[in-house]
2 protein chains.
Amino acid sequence: MALKRNIESIVVNGASMFLPSVSVDCVIFGFHDNEMKVLLLQMKHTDEYGLPGGFVLKDEALDAAATRVLQERTGLTDIFLQQFATFGEPKRSDKKFHLKAMKKEGITIDKNNWLLQRFITVGYYALVDFSKVIPKIDELSIGCSWFHLQNVPTLMMDHNLILNKALETMQQQINHQPIGYNLLPQKFTMPELQKLYEAILNKKLDRRNFQRKILVYGILKKLKEVKQGVAHKAPFLYSFDIKKYNQALKNGYTGGW
Amino acid sequence: MALKRNIESIVVNGASMFLPSVSVDCVIFGFHDNEMKVLLLQMKHTDEYGLPGGFVLKDEALDAAATRVLQERTGLTDIFLQQFATFGEPKRSDKKFHLKAMKKEGITIDKNNWLLQRFITVGYYALVDFSKVIPKIDELSIGCSWFHLQNVPTLMMDHNLILNKALETMQQQINHQPIGYNLLPQKFTMPELQKLYEAILNKKLDRRNFQRKILVYGILKKLKEVKQGVAHKAPFLYSFDIKKYNQALKNGYTGGW
DNA sequence: ACAAAAGTGTTACTTTTACACCCATGA
DNA sequence: TCATGGGTGTAAAAGTAACACTTTTGT
């Protein structure tokens with residue numbers, strides 16, 4: 001039972017490997033079928049759903065830990081990752097979950113084991129290219145798959161809260177920063193980009209006004225090609241002007257005082 | 001030496017009192033003399049300056065820990081506090097500081113003492129009524145006083161980074177949320193409020209446009225009094241319509257998509 | 001009487017919203 | 001040929017920016 005040994009090793013050696021009390025959780029967003037999706041794990045033993053998360057190595061930056069979690073669950077490196085909040089209610093920790101899980105694994109765990117201590121968690125959200133993701137379960141889960149945002153089940157612990165906060169943050173940031181480079185294929189159409197915005201904001205936008213506004217930002221390059229093999233009139237393809245895109249990412253769009 | 005014993009007790013008992021690896025730091029803003037000020041500590045032994053901070057009790061929420069730190073340094077309860085970011089570079093921890101300080105205190109500290117471990121810190125910013133604050137030093141500092149924002153010295157560890165991030169966050173939020181209730185006396189004049197905005201944003205605003213815009217938010221009540229004992233024409237006094245103010249705090253002003 | 005700060009309104013400009021017709025394509 | 005979705009412009013409305021004169025008060 002390699003898996004069991006793996007878990008056992010974490011339970012036993014975790015205290016010496018990881019920064020105590022701290023975890024990271026990742027809200028991984030993807031875009032597919034004109035819908036925003038989020039990547040969730042289904043837990044072994046309890047069957048609850050939850051966000052992909054992990055612990056922080058003793059000498060690892062928080063951002064690096066989140067990047068690692070992301071890499072492990074999606075196979076992707078080099079994605080857009082943003083810290084958005086830290087959750088630290090004492091009651092948010094769920095000792096019962098680990099106790100139950102370990103019992104079912106047949107692993108004895110001491111009451112004072114590091115895993116059963118209180119944890120605070122640093123929330124990150126990630127924007128990834130749905131089509132490039134190969135979801136992978138971790139040791140404690142039996143499923144890792146995409147859920148439509150409107151269709152997210154009840155999650156373990158405070159993960160619904162974390163997910164909602166991530167979504168709110170992204171909805172805010174969309175007003176100050178470009179978005180989409182990490183969510184869309186390299187070439188995309190204006191209607192696709194609009195659908196992305198609509199999915200994130202969960203509301204309809206006017207086609208003409210959307211196009212005008214987004215073009216003014218100056219982050220798009222209109223290509224000379226049109227999308228092939230579509231029904232109806234073929235829409236033009238665009239790509240991001242990555243230089244200006246990154247500039248806008250850094251400086252924001254402004255507005256306000 | 002009551003003080004030494006106090007510190008010693010923290011060094012010795014901290015591991016059982018506090019959540020390991022986690023601290024909070026508070027960027028405490030006040031407004032005085034038409035300037036934004038920030039409350040800084042000067043450290044004993046090293047003379048470095050730093051942000052007021054503290055550790056999180058084993059069963060204490062992060063927010064509660066920040067509130068406690070604030071209360072201890074300013075005497076104030078019930079202030080505006082906002083979490084803005086969490087800092088977790090491994091190299092941000094400064095073992096030397098504690099080692100040096102404890103040595104000078106004449107306290108022996110073990111290399112594995114909890115204080116010398118790596119810490120991540122959760123940043124909060126607070127907006128307080130300058131005139132109501134009675135700065136109090138803590139066990140490890142010899143000074144606690146206000147600094148003009150344009151005049152902040154080099155701070156210990158990554159505290160300059162934390163301070164700048166707090167300021168940036170506040171400058172962003174001022175566009176979406178009302179501000180001032182916690183920074184101004186109950187009754188204030190329009191020019192005073194404008195000076196506050198100018199101090200936060202670090203730029204001049206047009207008097208007439210400022211007044212119009214802020215009035216449209218509907219969070220101000222114009223009083224029938226004018227400010228007494230001032231040179232020149234007496235300005236009207238205003239106060240916040242606290243109900244609408246809090247509503248705006250919750251819902252934000254919108255703008256954007 | 002004058003210097004210094006506060007009160008107040010209008011106009012031009014920019015941004016946002018609402019809205020409709022023609023075009024290309026696959027079925 | 002028609003149903004569907006994509007391309008495009010304009011006019012009204014709202015919001016923002018620029019700007020100057022009058023009032024009050026203390027000295």
Would you kindly give the CG-to-P distance between B/L215 and D/dG15, to the nearest whole Å?
15 Å

For B/P235 and for A/A231, locate the closest nucleotide of DNA chain C by heavy-atom distance; then report the residue assigned to the nucleotide nearer the 5' terminus.
B/P235

Polar pair under 3.5 Å, donor/acceptor by atom type, side chain B/H232, base C/dA4
yes

Most 5' of A/K233 and B/K195 on DNA chain C, judged by nearest nucleotide:
B/K195

Rounded to whole angstroms, how far apart are CD on B/E192 and P on C/dA5?
14 Å

By the side-chain hydrogen bond (donor to acceptor under 3.5 Å, both in side chains) test, which pairs, at least two apart or in different chains, include something from residues 151-162 of chain B?
B/R92-B/D158

Whole angstroms only, please: what is the CZ-C1' distance between B/R207 and D/dA18?
14 Å

With A/K165 via side-chain hydrogen bond (donor to acceptor under 3.5 Å, both in side chains) - residues at least two apart
none

Rounding to a whole Å, what distance do you find between B/D206:CG and D/dC21:P?
15 Å

Taking for each residue the nucleotide of DNA chain D with the nearest heavy atom, is it A/A234 or A/R208 whose nucleotide lies nearer the 5' end?
A/A234

Just wondering, more than 12 heavy atoms not from B/K136 lying within 6.0 Å of its NZ?
yes

Rounded to the nearest 0.5 Å, how far does CE of A/M36 lie from NZ of A/K195?
15.0 Å

N/O contacts under 3.5 Å, protein versus nucleotides 10-13 of chain D?
{"residue": "D/dT10", "atom": "O4", "partner": "A/R212", "partner atom": "NH2", "Å": "2.9"}

Do the side-chain N or O atoms of A/K222 get closer than 4.0 angstrom to the phosphate oxygens (OP1, OP2) of D/dT8?
yes

Reckon A/V230 touches a base, only the sugar-phosphate, or nothing at all at heavy-atom distances under 4.0 Å?
sugar-phosphate

Would you say that more than 12 heavy atoms from the other residues, nucleotides or ligands in this model lie under 6.0 Å from the CD of A/E225, or not?
yes

Euclidean distance, atom CD of residue B/Q211 to atom C1' of D/dA20 [Å, nearest integer]:
16 Å

Rounding to a whole Å, what distance do you find between B/F210:CZ and C/dT8:C1'?
16 Å

Can you check whether A/Y253 and A/Y217 have ring centres sitting under 6.0 Å from each other?
yes

Backbone of A/P135 reached by a side-chain donor or acceptor of A/R73 within 3.5 Å
no

For the pair made of NZ in B/K227 and C1' in D/dT25, what is the distance, rounded to whole Å?
15 Å

Whole-Å distance, B/F236 CZ to C/dA5 C1', equals 14 Å

Side-chain atoms of B/M190 come closest, of C/dG9, C/dG7, C/dT16, to C/dG7

